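On a predicted model such as this, the values are computed, not experimentally measured, just so you know.
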Amino acid sequence: HMDMDVDAVTARSSSYRAAVAQQAPILAVPQERSVYERASWLAKTTYSYANPLLRLGAQRALQQEDVPRLADRDRADHVTAVLAAAYARERQRHPTRAPSRSLWLAIFKSHRLPVVLAVMYSFGESATFVLLPVILGYFVDFLQEEDAGEDPPVSRGIWLAAALVVVSLLQAVVHHLLYFQTMRMGWNVRIAVSGMVHNKLLKLSSSAVRTISAGKIYNIISSDVMRFDNFMPSMPFMVTAPCDFVVIAVLLSLKVEIASALAGIGVVLGTIAVQAYFSSRYGRRRRKTAAFTDDRVRTMSEILGGMLSVKSYCWEEAFTAQVNGQRQKEAASIVKAQRLKATTLAFYIISNLASAFAMFTVAWSRGETLELSQVLSAMGLLKALQVSIGLKFNRVAESLPEANVSCKRVAAVLEQEEVSDAFTAAPARPGQPSVVLDHAHFRWPAGAAEAEAAAKAEAEAGGAEKPNGGASSVLGKQLSAEQSQAALLPAADAAHAADGEATTMGLPVLRDISFSVKKGELLVVGGPVGCGKTALLLALMNELELLHGNCVMRGCASYTSQRPWIFAGTFEENVLFNRPVHAASLQQVYQACALEEDIASIGGTNVEIGEKGINLSGGQKARVSLARTLYSTLPATATPAYPTSEVCLLDDPLSAVDPHVGKVLFDQAIRPMAAGAAVVLVTHHTQWYAKADQLLLLNSDGTVCFQGTPAELYANATLCQELNLTRPSDTPAIEQGIAGTASEAAATTATAAAAAA
């Protein structure tokens, strides 16, 4: 899960979250109304407002600037904000209600007008379906009267023929208005749900990140949200289909005897019952297919993320067999689902003929005499019943279970725990510390152990044998939860955890940490591997659970991960991170981070960088990430949406660069950064200790080994010997501080000796 943790934590830094919340549209959008909003009701009914675009497309290939502006109600930011607000209200009013039910209610309440219009159009379409066979029966009666030698009024025949034409035209118009309204609602719901999931991912806590695999998120965004597109066009039939059934049953009983009508209706209802049964099985099969898809996508993500390990250990064949096995399970599940769907369709096709056969057989057996108009009207009404109940309602029966499954999966993501800004206060006043920890104890989130156990159980339930422990154990970039925590606990605690008396996830990973950093100060955090240096930065961002003490971080913060987070975009965009362009500041940052030669070698700052910086080296990615943080501290780049970073959290950004480059970065980037912000630098390189304003060294159990100034550290010869530190002779200030500290110690010793004498 390390890749996902790093990306999520980087995106969840305080300054980034504040920027996302207040971010203005990237593209300047004109304020004039869209073509659809300016169109008249006749143009909307006939869709003639699209004619200019269609004519232009017939003449040449359309360009981006040719496409007209979207209507305000269709814009992604609008539909996402409206649905998110409705969902928040539902959860606030009914916190104990099932999240999926709240999401359904939020969807319908945020689309009240489209839902009402869709139901009205659906009733109109149903009326045309029912009226056509009735009018046809009267028209046939008129023709039969003429054949029998009677003299019916011609005007009646003209009116009946005109009614047939008008109702047919109305059916076509209302049908397209209905599906335009419902399909528009479907894509808006899909876009809104996708936006809510995206916003949620930026706020997930570290424990929630462990419970959600990347494969599940990919599947939700690419597949699950499409189920709303499929369901919304059939949604109005949930209301109109039962009404259609009652009306058609009454009309049939007027055309033929009740027994004959009940026979035909009974066959239709019987086929619908069979269709409903197969539809429910189809819904269950859909859930199984989604689980198989999640497994396959997760495995492929892990394999692609750890391709170097796969190639190094020659595991291609083993993982190919595993992925093929997962694909076969998924394909077999899809085939079963399609068989169920084909069976449902087959019953729909035969229902009309079977119902007519049953109705006329009963009528013949009872000696009932039927006129041609009665036969045609009855056949037309049965067809309308088949379309309304057999086709439309069957679509609801098929799409609703799928949409309900997707809704539950989406709601499960939306209900995950969020990281809060509990530790973040207003910007620091002059002289006030920007970062304060007071006897703080931290542990990993409570849900992490459960998440690891669930992931392990899910992996074991997969059934496919994994080489050397499986893809997760081979390709994971971090230890399991138990192993990683045991390394941070003292031996006694680890022994108790092994005996089952305590869980490692419940014990502190950082113990009794106290320090404060002001603007203009640099705190360097060091210690052995696994002592909790990175955990300390995560704790400052509220990614760990505070057990005891206080933690305050004032102002906006920027976070630089040890594994740089690079997104698909230009070189300059990765440095700006949506901040405005300030040419002088950019040039200053490029020079400070030793990026000028790299920019010249790749062809400029407008060159596209692939996903995760695929075309950059490790050192280049580290310097780009550091440049992004440095740029955020410059006052010239600040805007109301993107304020200046007052706290910079650096997780060993110098580990991926050469020593001489690291010296340049420290002197020209990190030290100047500390002039305008409070900087916390995590590093395992001891050569930077002497250049810090404060030092915090941790023991392997997460306790404080040393806290103070570099002069105080190097004056303690015993501790320096234990830590294998050498006195930096090239730093005069440190030498003077050490000398002063030694003189004070000698004077104190002499005074104590005199007092004793």
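Taking CG from Leu723 and OG1 from Thr686, the interatomic distance works out to 9.5 Å, rounded to the nearest 0.5 Å. With values rounded to the nearest 0.5 angstrom, Gln562 atom CD is found 12.0 Å from Leu650 atom CG. Distance check: His582 NE2 to Gln587 CD gives 12.5 Å after rounding to the nearest 0.5 Å. Here Tyr559 contributes atom OH and Cys648 contributes atom SG; the two are 13.5 Å apart, rounded to the nearest 0.5 Å. In this structure, CG in Asn716 is found 7.5 Å from CZ in Phe706, a value given to the nearest 0.5 Å. Remark: Leu537 CG to Leu540 CG distance equals 6.0 Å, nearest 0.5 Å.
Using a cutoff of 4.0 Å between basic side-chain nitrogens and carboxylate oxygens, Asp667 and Lys691 are scored as salt-bridged. For the pair Arg671 and Asp693, the salt-bridge criterion is met [side-chain N within less than 4.0 Å of a carboxylate O]. A salt bridge between Arg511 and Asp701 is absent, with no side-chain N of the basic residue lying under 4.0 Å from a carboxylate O of the acidic one.
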Test side-chain contact (heavy atoms from CB on, under 4.5 Å) on Asn550 and His439; report intermediate values, then the result. CA-CA 7 Å; Asn550 295 316; His439 299 287; over 6 Å; no
Starting from the C-alpha separation in whole Å, work towards a yes-or-no answer on salt bridge (Lys or Arg N to Asp or Glu O under 4.0 Å) for Lys216 and Asp295. CA-CA 8 Å; Lys216 183 175 182 179; Asp295 292 339; over 6 Å; no
Could you walk me through whether Asp294 and Arg298 pass the salt bridge (Lys or Arg N to Asp or Glu O under 4.0 Å) test, one step at a time? CA-CA 6 Å; Asp294 288 344; Arg298 181 174 59 251; over 6 Å; no
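At a cut-off of 3.5 Å, with distance as the only test, no side-chain donor of Asp651 or Ser561 sits close to an acceptor on the other residue. Inspection of the Thr633 and Ser645 side chains reveals no N or O donor paired with an N or O acceptor under 3.5 Å. Between the side chains of Glu712 and Gln707, no donor-acceptor pair is found at a separation under 3.5 Å.
Closest heavy-atom contact between Gln694 and Glu521: NE2-OE1, 2.9 Å. Nearest heavy-atom pair across Tyr631 and Ser585 is CE1-CB, 3.9 Å. Across all non-hydrogen atoms, the minimal contact from Gly532 to Leu510 is O-CD2, 3.6 Å. The two residues Val607 and Ile602 make their nearest non-hydrogen contact at CG2-O, 3.2 Å. Here the closest non-hydrogen pair linking Arg554 and Val647 is O-CG2, 3.6 Å. The heavy-atom pair separating Ser309 from Trp315 by the smallest distance is O-CE3, 4.1 Å.
For NZ of Lys533, the number of neighbouring non-hydrogen atoms (other residues, nucleotides, ligands) closer than 6.0 Å is greater than 12. Around CG of Asp658, the count of heavy atoms belonging to other residues, nucleotides or ligands within 6.0 Å exceeds 12.
Counting heavy atoms from C-beta outward, Arg623 and Val661 have side chains that approach closer than 4.5 Å. Using a 4.5 Å heavy-atom threshold, the side chains of Ser514 and Val704 count as separate. With a 4.5 Å cut-off on side-chain heavy atoms, Asn574 and Ile609 count as touching. Between His684 and Val529, the closest side-chain pair of non-hydrogen atoms is not below 4.5 Å.
Looking at Val682, Leu437, Leu536 one by one, the single match for side chain to side chain contact (heavy atoms under 4.5 Å, CB included) with Leu696 turns out to be Leu536.
In terms of modelled atom types and a separation under 3.5 Å, the side chain of Lys621 and the main chain of Ile566 share no donor-acceptor contact.
Aromatic ring pairs are classed by plane angle as parallel below 30°, tilted from 30° to 60° and perpendicular above 60°; the pair Phe567 and Trp565 is tilted.
For the pair Arg628 and Phe577, the distance from NZ or CZ to the six-membered ring centre is under 6.0 Å and the angle to the ring normal is within 45 degrees.
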